[in-house]
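Note that the coordinates shown come from a computational prediction; the quantities given were computed from them, not determined experimentally. The chains referred to below are lettered A, B, ... by the order of the sequence lines, with proteins before strands, and numbering in each begins at 1.
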Number of protein chains: 2
Amino acid sequence: MTTLNRPSAPDGHVCGIDTAMEVIGGKWKVLILWALHEHPYRRFGELRRLIPGITEKVLASHLRELEADGVARRVSYDETPPRVEYSLTEDGIRLNDALQPLAAWGRERPITRELGERAGRGLG
Amino acid sequence: MTTLNRPSAPDGHVCGIDTAMEVIGGKWKVLILWALHEHPYRRFGELRRLIPGITEKVLASHLRELEADGVARRVSYDETPPRVEYSLTEDGIRLNDALQPLAAWGRERPITRELGERAGRGLG
DNA sequence: CGGCATCCTCACGGATACTG
DNA sequence: CAGTATCCGTGAGGATGCCG
């Protein structure tokens, strides 16, 4: 995220969506947000189980980025075995709320392309 | 988009956001959507100028995907020189509307990370 | 003007092993 | 349990050139 040519709206037309996309741009970020949204806090392994297919490394890095972006919070308890709880910040909750219309669009949307094959996997 | 392991919400919890992310997931898609939203129709070169940094190939492929996803429409006129106009479909307009809260979030958001360097390029 | 055909890069994400 | 460390593959995206 240093020398990358980030997309930007033309001459001062800050639409803000690009900013948001930076935050939720990761492959699993919205799913993580969603999982955190359903419950006040989530543990690491819990998230991993809730999101089948994600690896530990990716989950960890995504969580770190979400944290750095101020939408997720990480609280670790000094216990044995260790316990870490992730939750949404106020801003993260607002982000999730802002995501709802998009989710509704995705649900109500007329199936144009082949949007069937990608969901036909038994998960959970 | 064939054998790719697409993210999915756990056990039937269809949040719809993943579906939406498939459509707007491209690097410049939201910017294209935004550009199409501001005006009833846009020409190819116009879009290219409106979105500095995007290459013709990427713009073309993104437009084609947006078209395949039913959110953009392409109309070409048999003239010399050739003229092609892109516009949003009804569903594309709804998508854009659904994107507005996200845009608002992006604009109002407290700057946590270094969200300054990526915009510091003279464009337009 | 509005593309498509190639070739190539590189960052994102995946697999595996190891640690406090 | 909750991660790091390392290596690697992939594919979206970028550069360039040509065409109707």
Discussion item. Would the distance check show the side chain of Gln100(A) and the main-chain N or O of Asn96(A) forming a donor-acceptor pair, the cut-off being under 3.5 Å?
Written reply: yes
Worksheet item: Over how many whole Å does the gap from Leu31(B) atom CG to dG13(D) atom C1' extend?
Response: 15 Å
Discussion item. Over 60° means perpendicular and under 30° means parallel, so tell me whether Trp34(B) and His37(B) are parallel, tilted or perpendicular.
Written reply: tilted
Worksheet item: Whole Å only: how far is the CG atom of Leu47(A) from the C1' atom of dC1(D)?
Response: 13 Å
Discussion item. What contact category does Arg43(B) fall into here, base, sugar-phosphate, or nothing, at under 4.0 angstrom with non-hydrogen atoms?
Written reply: sugar-phosphate
Response to the item:
The single option from Arg48(A), Arg49(A), Arg42(A) that satisfies side-chain hydrogen bond (donor to acceptor under 3.5 Å, both in side chains) with Glu46(A) is Arg42(A)
Worksheet item: Are Tyr86(A) and dC1(D) close enough that a side-chain N or O sits under 4.0 Å from OP1 or OP2?
Response: no
Worksheet item: When the distance from CD of Glu56(A) to C1' of dT6(D) is rounded to whole Å, what number comes out?
Response: 14 Å
Discussion item. In this structure, how many angstroms lie between the C1' atom of dG3(D) and the CD1 atom of Ile54(A), rounded?
Written reply: 13 Å
Fill in: Whole angstrom value for the distance that separates P of dG2(C) from CG of Leu50(B)
12 Å
Discussion item. Heavy-atom nearest nucleotide on DNA chain C for Pro82(A) versus Val58(A): which residue maps closer to 5'?
Written reply: Val58(A)
Practice prompt. Rounded off to whole Å, could you give me the CD-to-P distance for the Glu85(B) and dG2(C) pair?
Written response: 9 Å
Discussion item. With a 4.0 Å limit, can you tell me whether Arg64(A) has a side-chain N or O closer than that to the phosphate oxygens OP1/OP2 of dT4(D)?
Written reply: yes
Item to complete: Looking only at side-chain atoms of Lys57(A), point me to the closest of dC7(C), dG13(C), dA17(C).
Response: dG13(C)
Worksheet item: Taking only side-chain nitrogens and oxygens of Lys27(A), does any of them come within less than 4.0 Å of OP1 or OP2 of dG14(C)?
Response: yes
Practice prompt. Rounded off to whole Å, could you give me the CZ-to-P distance for the Phe44(B) and dG20(D) pair?
Written response: 18 Å
Worksheet item: Given dC12(C), is OP1 or OP2 found less than 4.0 Å from the side-chain N or O atoms of His62(A)?
Response: no
Fill in: Closest to the Arg74(B) side chain, choosing from dG2(C), dA2(D), dG13(D)
dG2(C)
Fill in: Minimum-distance nucleotide (side-chain atoms of Thr55(B) versus dA15(D), dG3(D), dC1(C))
dA15(D)
Worksheet item: Quick one: Arg49(B) CZ to dG2(C) C1', roughly how many Å, whole number?
Response: 12 Å
Worksheet item: With sequence neighbours left out, what residues match Glu108(A) under side chain to side chain donor-acceptor pair (under 3.5 Å)?
Response: none
Discussion item. Within the structure provided, determine whether Val84(A) and Val75(A) are in side-chain contact (heavy-atom separation under 4.5 Å).
Written reply: no
